[in-house]
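Okay, so here's the structure we're looking at.
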Amino acid sequence: MSYKRVLTIQDISCLGQCSLTVALPIISACGVEACILPSSVLSTHTGGFTGFTFRDLTDDMPAIKEHWVKENIKFDAFYTGYLGSAKQIEYVKDIFGATKKENSIKIVDPAMADNGKLYTGFDMAFVEEMKKLCAEADFVIPNLTEACFLTGSEYKEQYDKEYIVDILGKLSALGCKNVIFTGVSYTEKTTGVVIYENGEYTYYEHEKLPRGWHGTGDVYASVFTGALLKGKTAVEAATLAADFALECIKETSDNEPDHWYGVAFEKVLGKLINALA
Ligand code: PXL
């Protein structure tokens, strides 16, 4: 498998163990070149901190793209996460168009919501733009809340497979080619991920831990991206990402329970490197 180059576009939360501070080390650990385009710089993430700073980098994006075009730089894959504004989504689409190769893979994590609610600072206008980005993607990686916002579905805490399949159908109707649906939980003690690839449903179920942690969606999407680019199938990459995210949560809850704002993924990164070596 040849050496691949991924461009990941999301924010830098200076402290917070999410977005680029997670994507860059994880994709690198997978043995894949990680190029970054910071969409914004925040002093911390927005989940639980107050008074954070926010520097919007939207206006820098067209010039960065132009420079890459001038240098004839192309990417094997794109992975987008938290984007700071609806306008950025438009620029991201321009960057896809200008720097893609014939077979570049587009992975979109519509990072905008969790636990039934949009994150601070997002609105329905942003959701509308995000739908358009998802329609261009080869893989969309939503959690249940994001999938509900994208499809106008009712958010439920308890549900069955029929409910999930209905949402998957609506995501396909939006234009999402393949969906890696995270946090799908059919029983009290289990959760898992649905891999919906070329219309085929595969479910990987694992134990559900009592406490959720911030940033695990970013850890998940980063491992999925790195493993896919390293040559794993979508099912293999999705499974590996689930196992690794679970490992990160266990490590944090067992040994760093006061470390509330993110998972201590660094402590288990060696296992990911070994899994992909
Ligand atoms: O993990 C998603 C994320 C990324 N970046 C910022 C966030 C969040 C979630 O709250 O606030 C800035």
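Order of listing sets the numbers, starting from 1, for every ligand and every atom in it. All residue numbers in this chain count up from 1 along the given sequence. Reckoned from all heavy atoms, side chains included, excluding hydrogens, waters and symmetry mates.
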Next item on the list: Around atom 1 (O) of ligand 1, find the nearest protein heavy atom and jot down its residue, atom name and distance.
Entry: Asp218 OD2, 2.7 Å
Check: Any idea which protein heavy atom is nearest atom 7 (C) of ligand 1, and the distance to it?
Finding: Tyr82 CE1, 3.4 Å
Margin query: Could you check whether any heavy atom of Ser13 sits closer than 4.0 Å to an atom of ligand 1, since that is the contact criterion I want to use?
Written below: yes
Next item on the list: Consider every N or O of Asp11 and every N or O of ligand 1, then say whether any pair is closer than 3.5 Å.
Entry: yes
Item checked: Taking atom 11 (O) of ligand 1 as the reference point, the nearest protein heavy atom with its distance -> Thr46 OG1, 2.6 Å
Next item on the list: Sequence neighbours left out, what passes ring-ring contact (aromatic ring centres under 6.0 Å, His included) with Tyr159? Give chain and number order.
Entry: Tyr163
Next item on the list: For the residue pair Ile195 and Tyr203, establish whether any side-chain heavy-atom pair is separated by less than 4.5 Å.
Entry: no
Margin query: Within the 4.0 Å heavy-atom shell around Cys18, which atoms of ligand 1 are there?
Written below: 1 (O), 4 (C), 5 (N)
Margin query: Please tell me whether Tyr196 and Tyr201 form a close aromatic pair, meaning their ring centres lie under 6.0 Å apart.
Written below: no
Contacts under 3.5 angstrom, residues 256-264 side chains, donor-acceptor by atom type, not counting sequence neighbours:
from	atom 1	to	atom 2	distance (Å)
Glu256	OE2	Lys267	NZ	2.6
His259	NE2	Gln17	OE1	2.6

Margin query: For ligand 1, which is the ligand I care about here, please tell me if Tyr119 has any N or O atom under 3.5 Å from one of the ligand's N or O atoms.
Written below: no
Check: What do you reckon, are the aromatic ring centroids of Phe96 and Phe75 less than 6.0 Å apart?
Finding: no
Notebook entry, point to check: Is it the case that Thr202 and Glu200 place a side-chain donor and acceptor less than 3.5 Å from each other?
Noted result: no
Note to self: Is there a polar contact, in the sense of an N or O pair closer than 3.5 Å, between His45 and ligand 1?
What the structure shows: no
Next item on the list: Report yes or no: does His214 have a heavy atom closer than 4.0 Å to ligand 1?
Entry: yes
Next item on the list: Indicate, with yes or no, if the rings of Phe149 and Tyr155 have centres closer together than 6.0 Å.
Entry: no
Check: In ligand 1, which numbered atoms sit nearer than 4.0 Å to a non-hydrogen atom of Ser19?
Finding: 4 (C), 5 (N)
Note to self: Can you classify the ring geometry of Tyr119 versus His214 as parallel (below 30°), tilted (30 to 60°) or perpendicular (above 60°)?
What the structure shows: tilted
Checklist line | Non-hydrogen atom of Gly217 closer than 4.0 Å to ligand 1 | finding: no
Next item on the list: Check ligand 1 against Leu42 and write out every atom of the ligand that is under 4.0 Å from a heavy-atom position of the residue.
Entry: 12 (C)
